[in-house]
Amino acid sequence: MKYQAKKIENKWQEYWKNNEIFNVKEEHKKKKFYALVEFPYPSGEGLHTGHLRSYTAMDVLARKKRLAGMNVLYPIGFDAFGLPTENYAIKNKIAPQIATTKNIANFTRQLTSAGFSFDWSRAFLTTDPGYYKWTQWIFIQMFKHGLAYKAKENINWCTACKIGLANEEVVGGVCERCGGQVIKKEKEQWLLRITKYADRLISDLDQVDFLEKIKKQQIDWIGKSEGAEIDFSLTSTKEKIKVFTTRPDTLFGATFMALSPEHEIIGKLKANINNIKEVEDYIKQAKGKSDLERIENKEKNGLEIIGIKAVNPINNKSIPIFVADYVLTSYGTGAIMAVPAHDERDYEFAKKYNLEIKEVISGGDIKSGAYIGNGQAINSGEYNGLTSTEFKEKIIAWLAKNKLGKKTINYKLHDWIFSRQRYWGEPIPMINCPKCGCLPEEEKNLPILLPKIKDYLPTDDGQSPLSKVSNWVNTKCPKCKGKAKRETDVMPNWAGSNWYFIRYCDPKNNKQLVDPKKAKYWLPVDWYNGGMEHTTLHLLYSRFVFKFLYDIGAVPREVGSEPYKKRTAQGMILGAGGIKMSKSKGNVINPDIYIKQYGADTVRVYEMFIGPFDQAITLNDQGVNGVYRFLNKVWDLSAKTDKKIKDSDEVLRVLHQSIKKVGEDIENMHFNTAISQLMILTNFLDKEKKISISSWEKFVLILSPFAPHIAEELWEKLGHKKSLSAEKWPQYDKQLVQADSIKIGIQVNGKLRDEISLPYDSEPSQKIEKQILSMDKIRKYTDDKKIVKFIHIKNKIISIVVK
RNA sequence: GCCGGCGUGGUGAAAUGGUAGACACGCAGGACUUAAAAUCCUGUGACCGUAAGGUCGUGUCGGUUCAAGUCCGACCGCCGGUACCA
């Protein structure tokens, strides 16, 4: 019979489902393995090939770990709240709930057809009230612990649609939907105090096994920098301006000060500013700039504030003050001491406006540009000669003693804006009472259901569409029972994906976020794989939320405060032309087509074979054929099995080498070389007349993580009644892996001239040396020469140096 | 600009400092076939040579070493992340 992929794939997918082969329970005698992939957002386009790559890789690992005797949890769910669905709903006037249901049916079909060994009994949607009840519960706990608060924040505002946009909706500085200009606008928002966890989010990275580049991304995103806050007094007023600097050692070189356009002191000192009208004009045009314009126009510009000057505390010199939009309001104090000699931006600004450039650290050439490195202090009075490090310490001590400043730490990371003026998200479970203020909803009333509405558009002034649902908005105050109103903002996309991996441990629990016993067994996640695009925000946010849940005891102590033991990332899948797949470029590939044409096993093996897992790959038709041929060959080989046969030593050797290599390669995510080894073994077996049952079984088992359907079918053909998923990963025999003899190369003066077959592990000896030197091809190069060196590295090489 | 990663046949790619190009695609020739597809066999880095064999060859230029795709230095190119973070 010929290999019929579709037929056997349907058969085994049914079998796995009906027999709940991959559904797991806590089994305390067994070692657990929690394999996690990023759950998909069920978009209308269906499963992306990138998902397929990640899910296949973890499926291979999960299946291998099962065979290794572990209790493997490999769950799946859907991250179903979000903007694309909401925008789709607005455009087509269809309830997002309906679009979601439809999309999920499609995703489920696709995921099933690829043969992933998910525990479907644990699947949920983040839009399930039973799930977002706990998303809301977490928010309330954050509020109760002072980590959720309201504040005025600048948000992206589309001037055409007149609505607030999430960062991900601003593409290239314009509105993703209408192409309209996006500016910053102040609005009251909910924020989460992630900055309180910044230090732990850095230091606890020591405890986990993440790819180094991922750790680095986390650290860079948090952006911790140590420096000093320094007070500059002002002439003609008692006000002061605080600046932040990482280089207090350059204080003598501060020749002007620059304020961000948003700096509050300007409003306060209006009366003292002689050119207030020009200053206000400058501020107005700076604020009106879109992000796009700010990015495009990188040339620094500013305006001097006439009438007040700042006084450098170290030498009492008056220096001019500028307002300049290269100074960010959102970092540090929104004001800087400018040291043109030792900062590139300040240098550029000083050149443009003809300001003093005073060198205070030696080591550079100030005429040609700023010197930003460390060095020795010069032009710094009594501090001259100190190194930058010594100088920093001394000057901070001096500032502190004179109450002019102090050591400070700053972060790039900001508190996390956690509200959206949208519909399709978890309602923020807060109530505004005119008497009692802003209070959390009573926990017994959770979940606060998202009401069904007809019009999903935000209001003209940017309020959430929920604000139009008066019978939902109007409620009672949980404290005084008087009339009160619900918070109408909803949570961002991230809310549901922050903690979903916890819920997989106990997805149906209605009394607790998670049963501590179950959490204790399954958590932390042993191995989390996903895309690099989620290794900053999602990873950081979910680590933060997990730490918080750990702190309040919602996650048991024994689990620890890090959610993921190990995190890896697959390379991107590029479309035709080696560019990112995107709808607008029309190069998106739907995995369905390949699965239909070749079957899931072929697609799985192909995706794993095409290149190194962590590198970007370009998907094309080249190579799929080869994998399909390989599986056909495997199928045909099964006809050669024979009960009576005993395999040759050579067959056993290649088999045991393969068991070793495939097993190790899977653990290291070197899937491509694992498959090439399976191909080598297949080609080898193909040359044999008969194959023993025992060898064939081992082959089928090591193939099974990659091509589970064909493996199950071949296993059944051998007369087994049960799925091979309950079998054991074969052991390799160390003795058998080594061949008796080994061929090694012989070099003369670095050039390969011949090779010789020696018994394995032959130690260097006079005898071998003599033998080699008597070989014809070697004599050709050595006979009339003097042998300077004779090197024999066991099992590796023989290298002769002649003169 | 800064921070990562990468650069090897016509193509995807292998290679703990130890015989570069495993494995696969494609291509060429052959077998089977009325024919095609499928399958099988042979060849396939470049150059010289009928062959045996030789020379060159892992982005470029240098260095370390008996030995470098791999280590070190400088440079060029591509990809990804980030962006005025004081």
Side-chain angles (χ1 to χ4, degrees), chain A residues 2 211-214 216-217 219-221 223-225 227-228 243-248 250 254 258 260 291 294-295 297-300 324-328 330-339 342-346 348-349 372 410-414 532-533 535-536 571-572 574 578-580 605-606 609-612 614-627 629-630 632-633 636 670 672-683 686 743-756 777 780 788-802:
Chain A
K2 273 193 74 177
L211 292 179
E212 275 313 307
K213 60 176 172 181
I214 296 178
K216 203 174 168 307
Q217 272 190 355
I219 292 166
D220 287 351
W221 193 264
K224 181 177 181 173
S225 47
V243 302
F244 173 74
T245 178
T246 55
R247 296 294 302 271
T250 62
S260 71
D291 280 354
R294 284 203 185 190
I295 292 163
N297 182 17
K298 273 210 156 175
E299 200 188 308
K300 311 230 168 343
D325 70 0
Y326 81 92
V327 181
L328 304 175
S330 55
Y331 185 76
T333 62
I336 59 161
M337 62 174 219
V339 185
H342 305 289
D343 182 283
E344 282 168 3
R345 296 151 299 178
D346 299 345
E348 191 192 326
F349 195 86
I372 55 169
N410 245 300
Y411 301 92
K412 285 188 205 173
L413 182 71
H414 290 135
M532 278 310 283
E533 66 274 21
T535 50
T536 45
M572 243 198 311
L574 305 171
I579 46 174
K580 245 186 188 173
V605 175
Y606 173 62
F609 181 60
I610 188 168
D614 56 358
Q615 262 173 48
I617 52 169
T618 307
L619 212 59
N620 49 39
D621 290 353
Q622 281 182 6
V624 190
N625 265 332
V627 170
R629 271 180 216 150
F630 161 63
N632 271 287
K633 204 183 252 182
D636 293 338
H670 296 159
N672 54 334
T673 48
I675 289 163
S676 101
Q677 184 63 39
L678 287 167
M679 286 173 169
I680 290 169
L681 177 58
T682 303
N683 291 342
D686 194 34
K743 259 189 202 170
I744 65 172
I746 304 168
Q747 297 176 339
V748 180
N749 280 356
K751 281 195 179 171
L752 185 74
R753 295 303 180 189
D754 203 354
E755 57 179 31
I756 186 170
K777 283 188 195 161
K780 214 169 124 188
V788 181
K789 249 184 195 175
F790 187 97
I791 299 160
H792 176 188
I793 310 290
K794 190 171 83 175
N795 299 333
K796 293 233 162 99
I797 199 92
I798 286 161
S799 182
I800 305 163
V801 187
V802 297

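What you see below is based on every heavy atom in this structure, not just the backbone, and it leaves out hydrogens, waters and symmetry mates. Note that this is a predicted model, so its numbers are computed, not measured. Here is how names work: the chains are called A, B, and so on, in the same order as the sequence lines, proteins then strands, and each is numbered from 1.
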Trainee: Using only heavy-atom distances, determine whether the side chains of A:N683 and A:K633 contain a donor-acceptor pair under 3.5 Å.
Mentor: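 Yes, side-chain donor-acceptor contact under 3.5 Å.
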
Trainee: So, does A:K633 get its side chain near the phosphate of B:rU39, meaning an N or O under 4.0 Å from OP1 or OP2?
Mentor: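 Indeed not, no polar side-chain atom of A:K633 lies that close.
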
Trainee: Which nucleotide in the set B:rC66, B:rA86, B:rG81 lies at the smallest distance from any side-chain heavy atom of A:S799?
Mentor: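 The closest nucleotide is B:rC66.
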
Trainee: Can you measure A:W221 atom CH2 to B:rC3 atom C1' for me and round it to whole angstrom units?
Mentor: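 Checked: the CH2 to C1' distance equals 14 Å.
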
Trainee: Mind checking who B:rG43 pairs with, Watson-Crick or G-U wobble, both distances under 3.5 Å?
Mentor: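 B:rG43 is paired with B:rC27.
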
Trainee: When all nucleic acid strands are considered with a 4.0 Å heavy-atom cut-off, which category describes A:I336: base, sugar-phosphate, or nothing?
Mentor: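 If one applies the 4.0 Å heavy-atom cut-off, A:I336 turns out to touch a base.
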
Trainee: OP1 or OP2 of B:rG53 versus the side-chain N and O atoms of A:K780: is any pair under 4.0 Å?
Mentor: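 So the side-chain polar atoms of A:K780 never come under 4.0 Å of the phosphate oxygens OP1 or OP2 of B:rG53.
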
Trainee: Provide the Watson-Crick or G-U wobble partner of B:rG80, both distances under 3.5 Å; none if there is no partner.
Mentor: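 Looking at the geometry, B:rG80 pairs with B:rC3.
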
Trainee: Give A:S225 one of three labels, base, sugar-phosphate or nothing, depending on what nucleic acid heavy atoms sit under 4.0 Å from its own.
Mentor: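 Contact class for A:S225: sugar-phosphate only.
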
Trainee: Can a side chain N or O of A:R629 be found less than 4.0 Å away from OP1 or OP2 on B:rC23?
Mentor: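 Checking B:rC23 against A:R629, no side-chain N or O comes under 4.0 Å of OP1 or OP2.
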
Trainee: Using a 4.0 Å heavy-atom cut-off across all strands, classify A:I793 as base, sugar-phosphate, or nothing.
Mentor: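 Result for A:I793 = base.
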
Trainee: B:rU33 pairs with which nucleotide, Watson-Crick or G-U wobble, both distances below 3.5 Å?
Mentor: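 When the pairing criteria are applied, nothing turns out to pair with B:rU33, so the answer is none.
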
Trainee: Please determine, for the side chain of A:P612, which listed nucleotide (B:rC23, B:rG80, B:rA13) has the closest atom?
Mentor: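 Nearest to the side-chain atoms of A:P612, counting from C-beta on, is B:rA13.
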
Trainee: With sugar-phosphate meaning primed atoms plus P, OP1 and OP2, does A:N683 contact a base, only sugar-phosphate, or nothing at under 4.0 Å between heavy atoms?
Mentor: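 Since only primed, P, OP1 and OP2 atoms lie under 4.0 Å of A:N683, the category is sugar-phosphate.
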
Trainee: Do the side-chain N or O atoms of A:S676 get closer than 4.0 angstrom to the phosphate oxygens (OP1, OP2) of B:rA13?
Mentor: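 No.
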
Trainee: Taking any heavy-atom pair under 4.0 Å as a contact, classify A:F609: base, sugar-phosphate, or nothing.
Mentor: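 Base contact.
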
Trainee: What is the distance, to the nearest angstrom, from the NZ atom on A:K412 to the P atom on B:rU82?
Mentor: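 It works out to 12 Å between those atoms.
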
Trainee: So what does A:K794 touch, heavy atoms closer than 4.0 Å: a base, only the sugar-phosphate, or nothing?
Mentor: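 Here A:K794 touches no strand at all.
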
Trainee: Checking all strands, does A:N672 fall into the base, sugar-phosphate, or nothing category for heavy-atom contacts under 4.0 angstrom?
Mentor: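 Sugar-phosphate contact only.
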
Trainee: Is there a donor and acceptor pair, one atom on the side chain of A:K213 and one on the base of B:rC3, closer than 3.5 Å?
Mentor: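 No, the side chain and the base share no sub-3.5 Å donor-acceptor pair.
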
Trainee: How many whole angstroms separate atom OH of A:Y606 from atom C1' of B:rG12?
Mentor: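 A:Y606 atom OH is separated from B:rG12 atom C1' by 8 Å.
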
